[in-house]
**Q** 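Quick one: this structure, given as C-alpha cells, is what I'll be asking you about.
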2 protein chains.
Amino acid sequence: MPEKQDRFKTLLKQNGLKVTTQRIDILEALESRPDKHLTAEEIYECVKEKNPDIGLATVYRTIQLLAELNLIDKLNLGDGFVRYEINNQGCDVTAHHHHHLICLNCGNVLTFQGDLLETLEQKIQEALEFEVVDHEVKLFGYCKACRLEMQEKKNKE
Amino acid sequence: MPEKQDRFKTLLKQNGLKVTTQRIDILEALESRPDKHLTAEEIYECVKEKNPDIGLATVYRTIQLLAELNLIDKLNLGDGFVRYEINNQGCDVTAHHHHHLICLNCGNVLTFQGDLLETLEQKIQEALEFEVVDHEVKLFGYCKACRLEMQEKKNKE
DNA sequence: TTGGGTGCAAAGGCTTTGCATGTGA
DNA sequence: TCACATGCAAAGCCTTTGCACCCAA
C-alpha cells in the first residue's frame, strides 16, 4: 500500500520528524491490524515479522511521539494494558474521539461514532460552568455473538 | 466517626473478611479525603500518619480486595496513575457509576451523577445489538476557577 | 487455637533512559 | 556532514509475591 506509506511520510514530515523505516512500520502495523487496539508489545511483535531488527525501546519511543502529535490515540480498556490506535482524524484537535463498546464476555472491542453526548455536555456546561472540550466513553456489556451464545447455553439447561 | 467504623466493620464481615485495623484505616482514608481520588501511594501515606507500621503491600492487597467486592472503584484518569474511590452505592452492582469531569488545567476532578446516557445506550442496543450493562464516562475540559483565571490573564494582555 | 492477615524484602512486568552506533536530510 | 534516531542493556517504577510472624474470631 504505497499510498498509505506516502500519507504516513507526509504526516511525519509535517510534524518535523524524520521518516525512518521503523516509524513507517509502526504506523503500518497500527493501520493494518483488524482489531486495531494494540499494546506496545503487540506492535513490537507485529513489526518484528517484517523488520526483525527493531528494538522494543524504539516502539515505546515512537508511540509516545506519535501520541503527542495526536497521530495515534492512547487507550485504556481497563484490562491493565495501555493500547494504541491510529487516529484517522489526523491532527484535528477539535474532533471528538469515537467511543468503545467492550464486551465483558469475550473482551472484543467495538467502536462507534457519533456525538450523542452533546446534550449532556451542554447541560454540564450550564449547571457546573465546566467547559467540556473532549470526552472518553467506554460502554461495558455483551456483544451480539456472546449474547447468542449465552442464550443457547440457557436454552440447553 | 464511630458510626462510619461500624458501617465498614459490617461491610467487611458481610463479605467474609476479618476486621483489621489496617482495613478500617484504609477505608477511612478513602472516605475522609476531600478529593477522594487517591493512588495506592497516597492511601499508604494517608494511613501511615495514623498507623506508621502499615506496609505498602497491605495497602495494595487491601485495595485489590475491596475493589473485587465493589466496596471501592478503580479509576483511571489518564495521568498514568491508578486511583481509587469509595463506592457509596455499596454492593449494588446494577447501579451506574457517577462520571468524572477532569480539568485539563488544574487537574481537579469533579463528579456528577445522572443517567443521561440512557438514550445513547438504547440506540446502541438497537443499532448494534450490544447489551450495555455499565459505562464509564470521562469529560475533559476546564473548570470554573480555571476558566476565570484564563479569562483574567487574557484581559491583562 | 488457627487460618487468614501483615510486614518486609525480593521478584516481576512494563516502561524509560544512557550511551555508542547508525542513518536520513 | 551531523543532528536526530536506533538498539541494547541497565535502571526505574509501580505492583505482586514468598515467607515467617501475628492476631482476630
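Side chains included, hydrogens not; waters and symmetry mates left out as well; all remaining heavy atoms used. Here the structure is a predicted model, which is why all the values come from computation and not from measurement. Reminder, nothing fancy here: chain letters follow the sequence lines and each chain counts from 1.
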**Q** So how far is it from A:Glu121 CD to B:Leu139 CG, rounded to the nearest 0.5 Å?
**A**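 Reported value, rounded in 0.5 Å steps: 5.5 Å.
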**Q** Within a reach of under 6.0 Å around CD of B:Gln122, are more than 12 heavy atoms found that belong to other residues, nucleotides or ligands?
**A**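 Count not over threshold, so no.
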**Q** Go through A:Phe140 and A:Ile102 one step at a time and tell me if the side-chain contact (heavy atoms from CB on, under 4.5 Å) criterion holds.
**A** CA-CA 5 Å; A:Phe140 300 92; A:Ile102 303 151; 3.6 Å; yes
**Q** May I have the distance from A:Gln14 (atom CD) to C:dA25 (atom C1'), rounded to whole angstrom?
**A**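 That distance rounds to 17 Å.
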**Q** Ignoring backbone atoms, establish whether A:Arg61 has a side-chain N or O less than 4.0 Å from OP1 or OP2 of C:dT16.
**A**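 Result: no.
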**Q** What's B:Glu41 touching, base or sugar-phosphate or nothing? Going by heavy atoms closer than 4.0 Å.
**A**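 No contact.
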**Q** Where the side chain of B:Val19 is defined as all heavy atoms beyond and including C-beta, which of D:dA25, D:dA5, C:dT6 is the nearest nucleotide?
**A**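 Per side-chain heavy atoms of B:Val19, the pick is D:dA25.
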**Q** Is the shortest side-chain N/O distance from B:Thr20 to OP1 or OP2 of C:dT6 below 4.0 Å?
**A**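 Answer is yes, contact under 4.0 Å.
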**Q** Expressed as a whole number of angstroms, how long is the span from A:Leu65:CG to D:dT6:C1'?
**A**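 So the CG-C1' distance, A:Leu65 to D:dT6, works out to 13 Å.
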**Q** Taking for each residue the nucleotide of DNA chain C with the nearest heavy atom, is it B:Asn51 or A:Lys13 whose nucleotide lies nearer the 5' end?
**A**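 Its nearest nucleotide being more 5', the pick is B:Asn51.
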**Q** Compare side-chain N and O positions of A:Thr58 against OP1 and OP2 of D:dG7 and report whether any pair is under 4.0 Å apart.
**A**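 Answer yes for this pair, as a side-chain N or O of A:Thr58 is under 4.0 Å from OP1 or OP2.
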**Q** Side chains of B:Ile24 and B:Leu12: closer than 4.5 Å at any heavy-atom pair?
**A**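 A side-chain contact exists here, since the closest heavy-atom pair is under 4.5 Å.
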**Q** Starting at OH of A:Tyr60 and ending at C1' of D:dT6, how long is that distance when rounded to a whole Å?
**A**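 Whole-Å distance recorded here is 17 Å.
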**Q** Test your reading of the model: is there a side-chain donor-acceptor pair from B:Lys138 to the backbone of B:Asn76, 3.5 Å cut-off?
**A**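 The answer is yes, because a donor-acceptor pair under 3.5 Å joins these two groups.
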**Q** Could you check how far CG of A:Leu17 sits from P of D:dC4, rounded to whole Å?
**A**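 Atom CG in A:Leu17 sits about 11 Å away from atom P in D:dC4.
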**Q** Measuring to OP1 and OP2 of D:dC23, would you say a side-chain N or O of B:Gln22 lies under 4.0 angstrom away?
**A**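 For B:Gln22, the contact criterion (side-chain N or O under 4.0 Å from OP1 or OP2 of D:dC23) is not met.
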**Q** Can you tell me the distance, in whole Å, between the OH atom of A:Tyr44 and the P atom of C:dC14?
**A**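 Roughly 13 Å, once rounded to whole Å.
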**Q** Expressed as a whole number of angstroms, how long is the span from B:Asp53:CG to D:dC22:P?
**A**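 Interatomic distance, CG of B:Asp53 to P of D:dC22: 13 Å.
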**Q** Rounded to whole Å, how long is the line connecting atom CZ of B:Phe81 with atom C1' of C:dT15?
**A**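 For the pair B:Phe81 CZ and C:dT15 C1', the rounded distance is 13 Å.
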**Q** Would you say B:Gln64 places a side-chain N or O within less than 4.0 Å of OP1 or OP2 belonging to D:dT15?
**A**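 It does not, given that no N or O in the side chain of B:Gln64 lies less than 4.0 Å from OP1 or OP2 of D:dT15.
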**Q** Would you kindly compare B:Ala40 and B:Lys18 by the position of their nearest DNA chain D nucleotide and give the one closer to the 5′ end?
**A**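 Whichever sits nearer the 5' end wins; that is B:Ala40.
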**Q** Return the 5'-most residue of the pair B:Ala57, B:Gly16 with respect to DNA chain C, ranking by each residue's nearest nucleotide.
**A**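 By nearest-heavy-atom nucleotide position, the 5'-most residue is B:Gly16.
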**Q** Can you measure A:Arg23 atom CZ to D:dG7 atom P for me and round it to whole angstrom units?
**A**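 Value for this atom pair: 11 Å.
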